[in-house]
Amino acid sequence: MTNDGPTPLERFIRGILPENPVYRQLLGMCPTLAVTNSMRAAMTMAGAVAFVLICANIVTSLIRGLLKPHLRILVFTLTIATFVTIADRLIAAFMYDMSKQLGPYIPLIIVNCIIICRCEVCASKQSVFTATSDALGQALGNMLALASIATVREILGTGMWFGWRVLPAAWPDWVVMVLPPGAFLTLGLLLGCANWISVKWAQHGRKA
Amino acid sequence: MTEENKIPEAAGPVIHVSPGPHIHSAALTTRRMMLDVLLALLPAVLVAFWVFGGYALAQIVYALAGCLGAEALFTAMRKKPFSLMDGSAAVTGVILALSMPATAPWYVGVIAGFAAIGLGKVIFGGLGNNIFNPAMVGRAFVMIAFATLMGASAYVDPDSSIQALTRATPMTAIKMMHETTPLSALLIGNTNGSLGETSAIACILGGVYLLWRRTASWEIPAGVLLAVAVISGAISVLHPDSSWGVLHSLTGGALLFGAFFIATDPVSSPVTPKGKWIFGVGIGIFIMILRTLSGYPEGVMFAVLLMNAVVPLINRWTIPTPVGGPVPVRK
Amino acid sequence: MKNNYIGQAWLVLVLAIVFGSALAGVQTTLQGRINENKLKDTMTQIPNLVPDAETGVQDVIGGVTVFKAMDKGNQQVGWVIQASGQGFADVIELLVGMSLDGATITGLYVLDQKETPGLGNKIVDDDWRDQFNGQPAGAPLTVVKNKVTEKNDEIQAVTGATISSDSVVAIVNKAVGQFRAALNK
């Protein structure tokens with residue numbers, strides 16, 4: 001294997017902002033829009049995605065020498081579905097309220113493109129260590145993205161953050177923010193901010 | 001360019017962003033057009049003062065503050081020339097204020113104004129590029145955000161010293177309690193409702209002025225009114241004993257205000273005469289669907305927003321054939 | 001590697017078996033706990049739904065699963081019935097507390113709902129649900145708007161959420177009617 005690709009550390013850092021799964025790759029939009037109306041739900045989702053992403057990347061990397069090209073997507077899906085089911089059962093057993101609230105969105109992690117994208121792009125071609133650091137970076141990037149959207153939506157929509165009141169009780173709840181339109185508005189505005197920041201950084205980099 | 005090539009409407013002072021040929025006229029500025037709209041809104045504003053007193057002034061101030069503040073902030077952010085003076089933000093603000101319930105708290109108007117300009121206009125690239133009517137975007141935002149402060153029950157304040165506020169709006173009264181408001185009240189406007197919509201006469205006065213000045217295209221209100229008249233006429237035929245007739249449907253609620261001032265926004269409506277007819281009739285049909293079948297008593301806002309969304313499609317459908325026959329398709 | 005179907009697919013088959021057994025293991029380990037969670041959700045509400053009740057015992061009456069509400073001395077003091085039906089947004093699941101003779105509603109709890117936040121989801125508020133306490137179960141309840149309920153059999157609608165209120169009352173009426181019919185058999 002040649003060594004001209006990014007190092008494991010670079011892969012980890014890239015996942016956080018330069019190749020952030022939500023803001024840069026626009027993958028995994030379904031949970032991003034559906035469960036970010038409260039921090040608790042968003043962080044449970046981000047945790048479940050991280051668990052599935054890391055486990056699936058490790059397993060895929062371990063069996064990468066045995067993969068047949070035309071059967072690889074089948075193997076990825078099988079692996080991902082297994083870990084998603086484990087995550088779903090664990091949440092139903094230990095976080096029952098959250099499992100009720102997230103409803104179908106935990107099983108839907110199976111079709112989350114972030115995971116199959118990392119299996120295809122990285123884990124099926126790289127060593128276990130590289131694949132793990134890649135998964136960690138992507139999972140962290142996904143978590144930060146969900147957290148940023150959920151922060152805006154929960155605070156504006158309910159005056160609370162993680163269930164704690166951060167705005168005075170007189171705050172008129174912007175109900176639209178916890179409803180689906182709020183998800184689209186917040187994602188769009190934050191996406192614009194992320195683009196704006198990266199443009200600024202790029203300009204700054206050129207001047208320096 | 002011969003005389004016949006001009007479209008007939010272009011003879012008067014008019015801004016029609018119609019297919020070519022185009023004529024340039026220095027008198028046709030955004031600013032003049034917006035001043036026309038403000039002037040046309042005057043009767044509705046005066047009736048609002050008469051019926052709702054200080055509430056009307058307060059709502060106009062809140063919505064204007066939100067709209068002008070957002071316009072100033074976002075144009076500064078985008079380093080665009082300062083566009084406050086063209087009056088478009090002011091028109092959005094006044095139309096928005098006139099579509100609010102009188103007793104809405106100050107922050108509702110300010111947020112609605114901010115959302116109208118920020119989400120309805122600037123995001124799309126500023127005046128002329130917005131898909132949706134900014135005032136209705138702002139109103140829809142607060143309608144969903146503060147449903148308890150904007151819904152049917154928010155209009156009524158039983159302890160108010162202003163008589164209009166102590167009763168349900170005519171649209172709620174007929175929908176929920178099957179009480180018909182007399183036609184005279186709907187015409188003059190001494191009923192409850194959104195600030196600018198109560199008086200049919202004031203809306204017609206302003207609307208006729210806009211049509212006379214050709215600031216608004218007559219096809220759109222004509223289409224809206226025609227569709228509503230036909231559908232409510234059909235309903236009257238099916239329910240001959242109902243006290244709510246065609247004229248009630250035409251003069252009640254935000255219909256006239258919406259048909260003359262909201263639907264005619266030149267940016268978010270189609271450019272061809274045929275397209276304007278389709279647009280107007282579509283709004284009228286949606287209004288009647290929402291009024292009769294939805295949980296809401298009135299449907300002008302959602303009807304306008306829904307039809308705004310299909311305007312690009314309508315424009316494509318109704319491209320007129322140029323003089324001399326269709327443009328040959330290049331093989 | 002032979003170029004036949006097994007040669008191509010052995011990895012998929014092996015993985016399917018490995019993952020399948022892993023899932024079976026997870027399922028058997030956690031199933032008890034998950035079922036317990038579901039039951040606990042209902043059981044913890046029983047004291048709030050029937051006065052003096054401490055615990056519940058599952059029972060079947062007329063083909064419907066109900067809970068007998070028991071007091072400290074393990075005497076039955078009432079019933080808790082499950083009810084569900086279409087709300088404004090999605091299915092609403094309710095628990096209704098009933099007196100021992102089935103003549104009075106003693107409480108209402110919303111197990112699951114997805115009504116509009118800020119409007120319809122006010123059906124979970126204590127103030128609104130408390131209207132059901134002590135209502136006679138003999139006649140169907142009706143929903144009224146914009147006036148304080150004085151008479152029995154009337155539930156004031158949540159402001160701006162008539163459909164959600166109507167739905168809950170209709171679900172309660174139906175479930176209570178069925179339960180009373182089964183109880184009197």
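Quantities reported herein were computed from a predicted structural model and do not represent experimental measurements.
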query = Would one find more than 12 heavy atoms of other residues, nucleotides or ligands at under 6.0 Å from atom CZ of A:Phe162?
reply = yes
request  = Please look at A:Leu156 and chain B and tell me whether the side chain, the backbone, both or neither of the residue comes under 4.5 angstrom of a heavy atom of that chain.
outcome  = neither
request  = Find the one option among B:Ile111, B:Leu119, B:Ile123 whose heavy-atom pairs under 4.5 Å with chain A are most numerous.
outcome  = B:Ile111
Exercise: identify the closest heavy-atom pair between B:Ile144 and A:Val175 = O-CB, 3.7 Å
inquiry  = Can you tell me which portion of B:Phe141 sits under 4.5 Å from chain A's heavy atoms? Options are side chain, backbone, both or neither.
reply    = both
